Amino acid sequence: MTAKALPGFRDFPPHDLALRAYIFAAWRRVATRYGFEEYDGPPLEPLDLYTSKSGDEIVGQLYNFVDKGDRPVALRPEMTPTLARMVAERANGLKKPIRWFSIPQLFRYERQQRGRLREHFQLNCDLIGEAGALADAEIIALAIDVMREFGLGAKDIRVRVSDRRALTALLQARGVTADGMYAAYQFIDKLERMSPADLERHRTTPQPYAPATADDLIAVAGLRGLSQVESAVAMLPDGAAAVAPLTETLAALDAMGLSDWIEIDFTIVRGLAYYTGTVFELFDAGKTLRAICGGGRYDTLLQSLGGVDLPALGFGMGDVVLGELLKDRGLRPEPPSAIDCFVAAVTPEDQPHVLRIAHQLRDAGIRVEYAFGQTAVGKQLKIADARGARLAVVVGPDDRATGTAQLKDLQGSTQEAVAIDALAARCHELLAG
RNA sequence: GUGCUUGUAGCUCAAUUGGUUAGAGCGCCGGAUUGUGGUUCCGGAGGUUGCGGGUUCAAUCCCCGUCAGGCACCCCA
């Protein structure tokens, strides 16, 4: 066997597809519970959908090529530009706020690591057309409820929340100019994984965020909890306005009973330039894995991308890290049984009756298998068990003589003679019970 | 793209300082069982030790290259 899957790409044999299907089903349950409607778009897009906004730099992380019509194209690395286009084209006719979600397969060309492949599926939930803080709370609550749907609790997951409006106000007060703001964000974003040598370099060489110093930024990033943030902002001229959205978002989450999940943490800024307000990330409590989910408010992106001026926010949650977490925690569900009922023949003469019964049961919506070759009844029941069948039907000469078959409940180890015409109905009864 | 590290059966792992035919558990297939499953017992298949080269009388083991996984950078949609 020479042709393996490409690095960073996955095969999904049934056992693995079962986990993926389980994750997708939970995602859809929670998203629809919040009134979100599912959409999708093309996996292949024009290259400039991604380069026009982010610059040519990101081409290095894209799966891109020129198609047979000489069009530069790329496999989508994210869903937001596609979403922006779809919303922009229809914005006038859509009732606001728009609640849309999608489960796209996304691609990025970069070296893989645990929890990070070249391809993954990502739940994207976006709420468009609402600027108020209740929308921020709604999106964060949705992300939390997805965790709860998988059986994870506030002790398992940390939701780290920050707000760029408050962060920006504090950084400005320390002397960071508008030009230096993005550099300051990047410094704070990298703070947690920065080596002492790198930190020293930031202290001793001129930085774009001057006159603020590295230690100024560390002090701001070190703020934890709403009270610390509020008192830090209190002395600023526009301080109250800068923290108001964050305060209101937290109050709403508290009213929902979700405040146990939340940590105010100003080291969270997110790498992307386009976030304008609330930003948040979900981690496993032990922080052994990468971020499970990340999102935030991007009020100006639709304007710059699609020409429609609508506030928006959303998050993305990938299936890879989440899958690792569920496996680590023993929350991976048992794969569902393949069949409901196995039909066994006692003698070769019974085979036509097995086929007739099996087909009759399948017509009734029951998942059925039978053996292709003649083997001992015990052997056939062993197969039934291995396939996860709840029921087994055994047909032999004695049964045929009376127009019945033996119906076994493999779970309860009970058996009864049932008229062949009544089998389907009786199977449904037992399966429902 | 850079650095470090690992690579033995489908899976998890063994194999004296380099030494004869590379083993075990689980799983898979078959049998014990010709009208009744889960347990148990017996048997079987499955390996170019990731791949290629080098050193050596001899390489799973040492060296080089390459591919793949893991970790850290880069980046983080």
Side-chain angles (χ1 to χ4, degrees), chain A residues 1-2 4-9 11 13 15 45 49-51 53-54 57-63 74-84 104-120 122 124 185-186 189-190 193-195 197-198 268-275 281 288-291 293-296 298 301 314-318 320-321 324 342-350 371 373-400 405-415 417:
Chain A
M1 190 72 73
T2 51
K4 290 196 222 167
L6 289 167
F9 285 77
D11 285 328
H15 180 70
E45 291 276 19
L49 183 65
Y50 307 110
T51 55
K53 199 63 205 127
S54 313
E57 202 171 278
I58 70 158
V59 174
Q61 346 259 338
L62 287 176
Y63 261 99
L75 291 167
R76 59 186 174 198
E78 57 167 324
M79 201 56 177
T80 309
T82 302
L83 171 67
Q105 188 175 24
L106 305 177
F107 305 86
R108 63 186 339 174
Y109 193 90
E110 60 170 14
R111 199 149 170 175
Q112 68 158 320
Q113 290 180 35
R114 186 182 189 214
R116 189 168 191 186
L117 308 176
R118 287 181 169 180
E119 146 276 316
H120 74 160
Q122 189 184 68
N124 271 250
Y185 287 161
Q186 289 200 310
D189 190 34
K190 288 178 187 169
R193 44 184 189 278
M194 197 174 284
S195 67
D198 286 338
I268 299 296
V269 295
R270 308 279 298 149
L272 286 178
Y274 59 62
Y275 287 112
E281 293 184 349
T288 56
L289 300 168
R290 292 161 202 285
C293 170
Y298 49 93
L301 185 66
F315 68 79
M317 181 188 298
V320 180
V321 175
E324 300 273 358
F342 192 95
V343 187
V346 176
T347 68
E349 289 69 40
D350 299 312
Q374 179 60 37
T375 51
V377 173
K379 173 78 178 167
Q380 294 180 72
L381 290 174
K382 197 174 280 194
I383 296 169
D385 197 55
R387 296 291 288 155
R390 167 78 191 275
L391 304 174
V393 172
V394 180
V395 194
D398 299 346
D399 308 301
R400 279 191 281 121
Q406 298 298 322
L407 178 57
K408 284 178 70 72
D409 184 335
L410 294 171
Q411 240 173 33
S413 297
T414 59
Q415 177 168 330

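Residue numbers start from 1 in every chain, and the chains themselves are labelled A, B, ... in the order their sequence lines are given, proteins ahead of strands. The structure presented is a predicted model; accordingly, all values stated were derived computationally and were not measured.
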For this session: Give one of base, sugar-phosphate or nothing for A:Thr375, where a contact means two heavy atoms less than 4.0 Å apart.
Result: nothing
Exercise. Do other residues, nucleotides or ligands put more than 12 heavy atoms under 6.0 Å from the OH atom of A:Tyr63?
Worked result: yes
Problem set entry | Residue closer to the 5' end of RNA chain B, A:Gly8 versus A:Lys379 (nearest nucleotide) | A:Lys379
Seminar exercise, completed: In Watson-Crick or G-U wobble terms, with both distances under 3.5 Å, the base opposite B:U49 is none
Problem set entry | Same-atom distance (C1') from B:C67 to B:C57, integer angstrom | 32 Å
Exercise. Partner of B:C61 by Watson-Crick or G-U wobble geometry, both contacts under 3.5 Å, or none?
Worked result: none
Exercise. Which part of the nucleic acid, if any, lies within reach of A:Gln122 when heavy atoms closer than 4.0 Å are counted: base, sugar-phosphate only, or nothing?
Worked result: nothing
Exercise. B:A77, B:G35, B:C74: which one has an atom nearest the side-chain heavy atoms of A:Gln113?
Worked result: B:C74
For this session: With P as the reference atom in both, quote the distance from B:G23 to B:G46 in angstrom, rounded to an integer.
Result: 14 Å
For this session: Ignoring backbone atoms, establish whether A:Gln380 has a side-chain N or O less than 4.0 Å from OP1 or OP2 of B:G37.
Result: no
For this session: Have a look at A:Arg114 and say if it touches a base, only the backbone sugar-phosphate, or nothing, with a 4.0 Å heavy-atom cut-off.
Result: sugar-phosphate
For this session: For B:C42 versus B:G54, give the span between their C1' atoms, rounded off to a whole number of Å.
Result: 47 Å
Problem set entry | A:Val320 to A:Arg116 - nearest heavy-atom pair and separation | CG1-N, 4.1 Å
Exercise. Given atom CZ of A:Arg111 and atom P of B:A72, what is their separation to the nearest angstrom?
Worked result: 13 Å
Exercise. Tell me: CG of A:Leu117 to C1' of B:A77, nearest whole Å?
Worked result: 15 Å
Problem set entry | Donor-acceptor under 3.5 Å (A:Gln380 side chain, A:Thr375 main chain) | yes
Exercise. Starting at CD of A:Gln186 and ending at P of B:C75, how long is that distance when rounded to a whole Å?
Worked result: 7 Å
Exercise. What integer number of Å spans the C1' atoms of B:G18 and B:C61?
Worked result: 6 Å
Exercise. Under 4.0 Å between a Lys/Arg side-chain N and an Asp/Glu carboxylate O for A:Glu324 and A:Arg290?
Worked result: no
For this session: Under a 3.5 Å limit for both distances, which nucleotide forms a Watson-Crick or G-U wobble pair with B:U55, could you say?
Result: none
Problem set entry | Separation between the C1' atoms of B:U21 and B:U60, rounded to whole Å | 15 Å
Seminar exercise, completed: Re B:U8: Watson-Crick or G-U wobble partner, both distances kept under 3.5 Å, found to be none
Exercise. What nucleotide among B:C76, B:C71, B:A68 has an atom nearest to a side-chain atom of A:Pro7?
Worked result: B:A68
For this session: Mind checking A:Tyr274 for me? I need base, sugar-phosphate or nothing, with any heavy atom below 4.0 Å counting as a touch.
Result: sugar-phosphate
Problem set entry | Mate of B:U16 where both pairing distances stay under 3.5 Å, Watson-Crick or G-U | none
For this session: Give a yes or no on whether the backbone of A:Phe107 and the side-chain of A:Arg76 come within a donor-acceptor separation of less than 3.5 Å.
Result: no
Exercise. Is any N or O donor-acceptor pair between the side chain of A:Arg116 and the base of B:C76 shorter than 3.5 Å?
Worked result: yes
Problem set entry | Ion pair check, A:Asp409 and A:Arg390, cut-off under 4.0 Å | yes
Exercise. Where the side chain of A:Gln374 meets the backbone of A:Val346, is there a donor-acceptor pair that is under 3.5 Å apart?
Worked result: yes
Exercise. Closest to the A:Lys382 side chain: B:G3, B:G38, B:C74?
Worked result: B:G38
For this session: May I ask you to say what A:Pro81 touches in the nucleic acid, namely base, sugar-phosphate or nothing, with a heavy-atom cut-off under 4.0 Å?
Result: nothing
For this session: Could you measure between the two P atoms, the one in B:A58 and the one in B:G53, and give it in whole Å?
Result: 15 Å
Problem set entry | Listed nucleotide nearest any side-chain atom of A:Arg193, set B:C75, B:C4, B:U36 | B:C75
For this session: Go through B:C4, B:G35, B:G37 for me and flag the one nearest to the A:Val346 side chain.
Result: B:G35
Problem set entry | Pairwise P distance for B:U49 and B:C62, with rounding to whole Å | 16 Å
Exercise. With a 3.5 Å cut-off and just heavy-atom distances, do the side chain of A:Thr347 and the base of B:G35 make a donor-acceptor pair?
Worked result: no
For this session: Identify whether any heavy atom of A:Leu106 sits under 4.0 Å from a base atom; if not, whether one sits that close to sugar-phosphate; answer base, sugar-phosphate or nothing.
Result: nothing
Seminar exercise, completed: Which of B:C75, B:G38, B:G35 is nearest the side chain of A:Val394? It is B:G35
Exercise. More 5' along RNA chain B: A:His120 or A:Tyr109, using each one's nearest nucleotide?
Worked result: A:Tyr109
For this session: Find the distance A:Arg290:CZ to B:A77:P and express it as a whole number of Å.
Result: 13 Å
Exercise. If you look at every strand shown and take non-hydrogen atoms under 4.0 Å, does A:Asp189 touch a base, only sugar-phosphate, or nothing?
Worked result: nothing
Seminar exercise, completed: As its Watson-Crick or G-U partner within any shown strand, both distances under 3.5 Å, B:A72 has B:U2
For this session: Report the distance from atom CD of A:Gln61 to atom C1' of B:C73, rounded to the nearest whole Å.
Result: 13 Å
Problem set entry | A:Arg118 side, atom CZ; A:Arg108 side, atom CZ - distance, nearest 0.5 Å | 11.0 Å
Exercise. Looking at the side chain of A:Leu381, which of B:G37, B:C4, B:C75 is the nearest nucleotide?
Worked result: B:G37
For this session: Measure from the side chain of A:Ser413, starting at C-beta and using heavy atoms only, and say which of B:G37, B:A77, B:G35 lies closest.
Result: B:G37
Problem set entry | Nearest heavy-atom neighbours spanning A:Ala371 and A:Phe342 | N-CZ, 3.5 Å
Exercise. Looking at B:G35, B:C75, B:A77, which one has an atom nearest to any side-chain atom of A:Arg270?
Worked result: B:A77
For this session: Could you tell me the separation between the CG atom of A:Asp385 and the C1' atom of B:U39, rounded to a whole number of Å?
Result: 11 Å
Problem set entry | Pair partner, B:G43 [Watson-Crick or wobble, under 3.5 Å] | B:C29
Exercise. Is A:Gly378 touching bases, backbone alone, or none of the nucleic acid, heavy atoms closer than 4.0 Å?
Worked result: sugar-phosphate
Problem set entry | A:Met79 CE - B:C76 P separation (whole Å) | 21 Å
Exercise. What integer number of Å spans the P atoms of B:C74 and B:G50?
Worked result: 33 Å
Problem set entry | Gap between atoms CZ and P, on A:Arg108 and B:C74 respectively (whole Å) | 14 Å
